[in-house]
Amino acid sequence: MTCAPPAETVAAPLLAWYERSGRQFPWRGLRDPYPIWVSEVILQQTRVETGLRYFEPFLARFPTVQVLAAASEAEVLAAWSGLGFYRRARNLHAGARLVVERFGGEVPRDPELLGELPGVGRYTVGAILSAAFNQRLPILDGNVIRVLSRVFLVEGAPDRAAVKRELWGLAEAVLPHDRPGDFNQAVMDLGATVCTPTGPRCGGCPLVDLCRAVAEGRTADLPAPTKRAKVVFEQRVAVLVQREDGRFLLRQRPPSGLLASLWELPADEADEDAAQQAAEDIADGFAGGLLAACGVVEHRFSHRHWTTRVFRARGGDGYEAGPLERWVALAELGELGLPTVSRKAIEAALAAQLRLI
DNA sequence: AAGTCGGGGGC
DNA sequence: GCCCCAGACTT
């Protein structure tokens, strides 16, 4: 068990540092909880640099919670395309509808109620309410875990329940009554820019004098590593079947599981030896001919690695798209929920064609 | 407690 | 290759 110094011991130097060295983001300083909510969902398990590319376009497309609630899920997934963890988009959309229907369009200020929205866990509740309303609620994300683990020498792996409880307790204990909103932002900035996973810049850290990991030369050991799922390798084939008018067929994936309800080229599992035959079988379903191999697309998910052999075929002009299928033109891709792996495969299939444009 | 769920960037 | 990221949710 660790012994935390008084809250002000941490807060005062950290807030002073934040005044000087804090980062500026488009969601900082806002009082409307809706854009802050959007930013926090976008940033879940996502680097700020990546989230920044999606935040403003998303808000431009869905400027209010009412607009988001009125949109279709397909529109929201289209705006989320390439960002990953697509359940976040589904939950945000469902949450917006709940806010409009149940709370009159006002994002709840009650942590209990806010936490009932899908996709809004304890971290996100604290992040939204402390930033928008300066409510004194702690947050615990990867940055905060790293800072607290080092400053207070928390040795256990942070994915263990007991360690997580201790870290939440520390996050609450160091949280000042004065400016909890700024403080939460400050800890995350510190974790992102100074107290980094590797090569922390302790010389520029406002907490260096009270950091126990620094005192014991243990910054490199903390936080303790967590267990990781083993990567599964899968080999697939995908076929871009193109009609005379240039449109090609996309299929919607099942509504649950990996890339749920997102669009992809007709595909199947097949290793290198079986790829050609599997591609022909797919093309045959649309009376496709002129099968051409277009290359291999590698794509890594967190715990899965897909090797996709991409083919292109002519055909399908007499084939009517089923309920989970759609003949699409290149210009329509922006309207669809299209994961990055699909975009890569389509680009590979059309590479020769695209170079002519 | 472990697994699922994307994608990108650093080393 | 491995690690991590402004996590939440299911099993």
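Per chain, numbering begins at 1; letters A, B, ... match sequence-line order. What you see below is based on every heavy atom in this structure, not just the backbone, and it leaves out hydrogens, waters and symmetry mates.
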According to the ring-ring contact (aromatic ring centres under 6.0 Å, His included) rule, which pairs have a member within [range], sequence neighbours left out?
| range | value |
| --- | --- |
| residues 223-247 of chain A | A:Phe233-A:His305 |
| residues 95-121 of chain A | none |
| residues 31-54 of chain A | none |

[X] [atom1] to [N] [atom2], straight-line distance once rounded to whole Å:
| X | N | atom1 | atom2 | value |
| --- | --- | --- | --- | --- |
| A:Arg88 | B:dT4 | CZ | C1' | 14 Å |
| A:Lys230 | C:dC2 | NZ | C1' | 16 Å |
| A:Asp159 | C:dA8 | CG | C1' | 15 Å |
| A:Asn184 | C:dG7 | CG | P | 13 Å |
| A:Tyr123 | C:dC5 | OH | C1' | 11 Å |
| A:Ile128 | C:dG7 | CD1 | P | 13 Å |
| A:His305 | B:dC5 | NE2 | P | 17 Å |
| A:Leu83 | C:dA8 | CG | C1' | 15 Å |

Compare the minimum distances between each of [options] and the side chain of [X], then state the nucleotide with the smallest one.
| X | options | answer |
| --- | --- | --- |
| A:Asp141 | C:dA6, C:dC5, B:dT4 | C:dA6 |
| A:Phe85 | B:dG7, B:dG6, C:dA6 | B:dG6 |
| A:Arg87 | B:dT4, B:dG6, B:dG7 | B:dT4 |

Check your understanding: Looking for any heavy atom pair under 4.0 Å, which part of the strands does A:Pro225 touch: base, sugar-phosphate only, or nothing?
Key -> nothing
Check your understanding: Within the structure shown, what part of the strands sits under 4.0 Å from A:Gly191 by heavy-atom distance: base, sugar-phosphate, or nothing?
Key -> nothing
Practice item. Tell me which residues in residues 90-100 of chain A put a heavy atom below 4.0 Å from DNA chain C, sorted by number, or none. Key: none
Check your understanding: By a strict heavy-atom criterion of less than 4.0 Å, which residues belonging to residues 19-38 of chain A are in contact with DNA chain C?
Key -> A:Arg23, A:Phe25, A:Trp27, A:Arg28
Review point. Any idea which heavy atoms bring A:Leu129 and A:Asp110 closest together, and the distance?
Key: CD1-C, 4.3 Å
Exercise for review: Quick one: closest heavy-atom pair of A:Gly82 and A:Thr340, and the distance?
Suggested key: CA-OG1, 3.5 Å
Study note, to complete from the structure: Hits for ring pair (Phe, Tyr, Trp, His ring centres under 6.0 Å) against A:Trp306, two or more places apart or cross-chain, chain-then-number order -> A:Phe301
Please state whether the phosphate of [N], meaning OP1 or OP2, lies under 4.0 angstrom from any side-chain nitrogen or oxygen of [X].
| X | N | value |
| --- | --- | --- |
| A:Arg304 | B:dC5 | yes |
| A:Arg228 | C:dC3 | yes |
| A:Gln44 | C:dG7 | no |
| A:His299 | B:dG6 | no |

Check your understanding: When rounded to the nearest Å, what value does the distance between P atoms of B:dG6 and C:dT11 take?
Key -> 16 Å
Review point. When rounded to the nearest Å, what value does the distance between P atoms of B:dG3 and C:dA6 take?
Key: 24 Å
Point to revise | Polar pair under 3.5 Å, donor/acceptor by atom type, side chain A:Thr124, base C:dG7 | key: no
Review point. Has the side chain of A:Thr46 got a donor or acceptor atom sitting under 3.5 Å from an opposite partner on the base of B:dG6?
Key: yes
Study note, to complete from the structure: DNA chain B nearest-nucleotide lookup for A:Ala229 and A:Arg160: closer to the 5′ end is A:Arg160
Check your understanding: Is a side-chain donor or acceptor of A:Arg136 paired with a backbone partner of A:Pro180 at a separation under 3.5 angstrom?
Key -> no
Exercise for review: Determine, step by step, whether A:Gln276 and A:Glu280 satisfy the side-chain hydrogen bond (donor to acceptor under 3.5 Å, both in side chains) criterion, reporting the C-alpha distance in whole Å, the side-chain angles of both residues, the deciding distance to 0.1 Å, and the verdict.
Suggested key: CA-CA 6 Å; A:Gln276 178 79 23; A:Glu280 287 174 10; 3.1 Å; yes
Review point. In terms of the nearest nucleotide of DNA chain C, which residue is placed more toward the 5' end: A:Thr226 or A:Val125?
Key: A:Thr226
Point to revise | Closest-nucleotide ordering on DNA chain C, the 5'-leading residue of A:Ser302 and A:Gly121 | key: A:Ser302
Point to revise | Within 45° cone and under 6.0 Å: A:Arg251 NZ/CZ vs A:Trp263 ring | key: no
**Study point:** Dot-bracket pairing map - DNA chain B, Watson-Crick plus G-U, both contacts under 3.5 Å, | cross-strand
**Key:** |||||.|||||
Using atom names, set out every protein N or O paired with an N or O of nucleotides 9-11 of chain B below 3.5 Å, distance rounded to 0.1 Å.
none

**Study point:** A:Arg88/A:Asn91 under side-chain hydrogen bond (donor to acceptor under 3.5 Å, both in side chains): CA gap, chis, key distance, verdict
**Key:** CA-CA 5 Å; A:Arg88 291 182 296 173; A:Asn91 284 338; over 6 Å; no
Review point. Got a sec, which residues hit salt bridge (Lys or Arg N to Asp or Glu O under 4.0 Å) with A:Glu234, two or more places apart in sequence or on another chain?
Key: A:Arg304
Check your understanding: With sequence neighbours left out, what residues match A:Asp189 under salt bridge (Lys or Arg N to Asp or Glu O under 4.0 Å)?
Key -> A:Arg23, A:Arg28
Review point. Would one find more than 12 heavy atoms of other residues, nucleotides or ligands at under 6.0 Å from atom CD of A:Glu112?
Key: no
**Study point:** Where at least one partner belongs to residues 44-64 of chain A, residue pairs that pass salt bridge (Lys or Arg N to Asp or Glu O under 4.0 Å), sequence neighbours excluded
**Key:** A:Arg61-A:Glu75
Review point. Between A:Glu264 and A:Arg236, is the closest basic N to carboxylate O distance under 4.0 Å?
Key: yes
Review point. Mind checking what makes side-chain hydrogen bond (donor to acceptor under 3.5 Å, both in side chains) contact with A:Glu73, not counting sequence neighbours?
Key: A:Arg90
